[in-house]
K.L.:
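Questions regarding the structure given below will be posed in turn.
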Amino acid sequence: MIAHLAGTVAVAGLGEVVVDVAGVGYRVLVPPGEVRASVGEAVTLHTHLAVREDAMTLYGFVDPGARALFEVLLGVTGVGPKLALAAIGTLGVDGLRRAVVAEDVAALTVVPGVGKKGAQRMILELGERLGAGEAAPSAVAGTAAVGRDPRAEVREALAGLGYAAGEVQSALEAAGEAGDPEELLRRALKALGGRETRGGR
């Protein structure tokens, strides 16, 4: 894995740079405005290498914290590299963290490609990872304490996100057997994310 690149900027464009490292040019996709170095200037980028069957793509960040947040974002249902880059480029690392902790749906929907449901899903899935703790939505919290059916808790949480009854039922069926409510919710969201992608939503 390529963890970082240190070289000079050979080409600088909006959202991408080519870094010359010992005569080899590496094309790196970056959040808009992330790299302010001009052609010929030295630059060091902390990188994430995404490998697919048809391509290998480098994503770069000046701050290692931004790369770490990018990698966390990739774990959210329905979020790919382009959307993760857009989120960091639009809100910045601190702004994105604040939006998640404050459950600020309006702030997250400013990111191109993120709608209300997507923003709510980001808050649900990123809350604990970004240090939101109790600030994250707690629709499924306390299930064991009150003895409620985990599936009922997840059904309520998905309805609260605006999913229709039919979508919720299909997601619950796809999620499989009931267990830990948080895990069940993650599986249901993943199923919904796949259906949205196939449906072009």
Side-chain angles (χ1 to χ4, degrees), residues 1-5 9 11-19 26-37 43-133 135-137 161 182 185-201:
M1 177 179 179
I2 301 174
H4 82 275
L5 293 175
V9 177
V11 178
L14 182 62
E16 69 176 72
V17 295
V18 175
V19 181
Y26 293 86
R27 179 173 179 260
V28 187
L29 302 185
V30 297
E34 171 81 2
V35 180
R36 302 184 185 280
V43 66
T44 297
L45 296 178
H46 302 272
T47 57
H48 172 90
L49 177 62
V51 179
R52 299 186 309 180
E53 290 184 3
D54 58 345
M56 291 191 294
T57 307
L58 276 172
Y59 299 89
F61 309 88
V62 174
D63 187 329
R67 179 184 61 187
L69 179 56
F70 172 81
E71 291 173 343
V72 170
L73 284 168
L74 294 181
V76 175
T77 304
V79 175
K82 289 183 179 180
L83 187 55
L85 276 186
I88 294 173
T90 302
L91 298 176
V93 173
D94 292 338
L96 184 55
R97 287 180 182 274
R98 283 195 299 270
V100 171
V101 171
E103 301 179 17
D104 191 345
V105 171
L108 291 171
T109 55
V110 171
V111 177
V114 176
K116 183 178 179 181
K117 288 183 181 179
Q120 291 171 323
R121 196 157 52 220
M122 288 173 70
I123 290 170
L124 276 172
E125 297 189 31
L126 290 176
E128 291 184 3
R129 296 188 189 185
L130 298 188
L161 287 175
E182 293 183 359
L185 178 59
R186 282 193 291 269
R187 294 200 302 265
L189 285 169
K190 184 175 182 180
L192 285 164
R195 293 178 69 246
E196 290 180 359
T197 299
R198 290 192 296 274
R201 293 173 58 179

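Positions are given from 1, in the same order as the sequence printed here.
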K.L.:
At what distance, to the nearest 0.5 angstrom, does CG of Leu58 lie from OH of Tyr26?
P.N.:
8.5 Å
K.L.:
Drop me the distance from Asp94's CG to Ile88's CD1, to the nearest 0.5 angstrom.
P.N.:
11.5 Å
K.L.:
Would you call Arg36 and Val62 a side-chain contact if the rule is heavy atoms closer than 4.5 Å?
P.N.:
no
K.L.:
Can you list, pair by pair, the side-chain donor-acceptor contacts under 3.5 Å of residues 66-74, counting residues two or more places apart and other chains?
P.N.:
from, atom 1, to, atom 2, distance (Å)
Arg67, NH1, Ala3, O, 2.7
Arg67, NH1, Thr47, O, 3.3
Glu71, OE2, His48, ND1, 3.0

K.L.:
Check Leu5, Leu45, Val43, Leu29 against Val17 for a side-chain contact (heavy atoms from CB on, under 4.5 Å) and give me the one that passes.
P.N.:
Leu45
K.L.:
For a quick test of reading the model, state the closest non-hydrogen atom pair linking Gly60 to Pro31 and the distance between them.
P.N.:
O-CD, 3.5 Å
K.L.:
For Arg98, check salt bridge (charged side-chain N to carboxylate O under 4.0 Å, His left out) against everything at least two apart and list the hits.
P.N.:
none
K.L.:
Please round to the nearest 0.5 Å and tell me the distance separating atom CG of Leu85 and atom CD of Glu16.
P.N.:
11.5 Å
K.L.:
Tell me which donor-acceptor pairs under 3.5 Å the side chains of residues 108-115 have, and how far apart each pair is, sequence neighbours excluded?
P.N.:
from, atom 1, to, atom 2, distance (Å)
Thr109, OG1, Val105, O, 3.3
Thr109, OG1, Ala106, O, 2.8

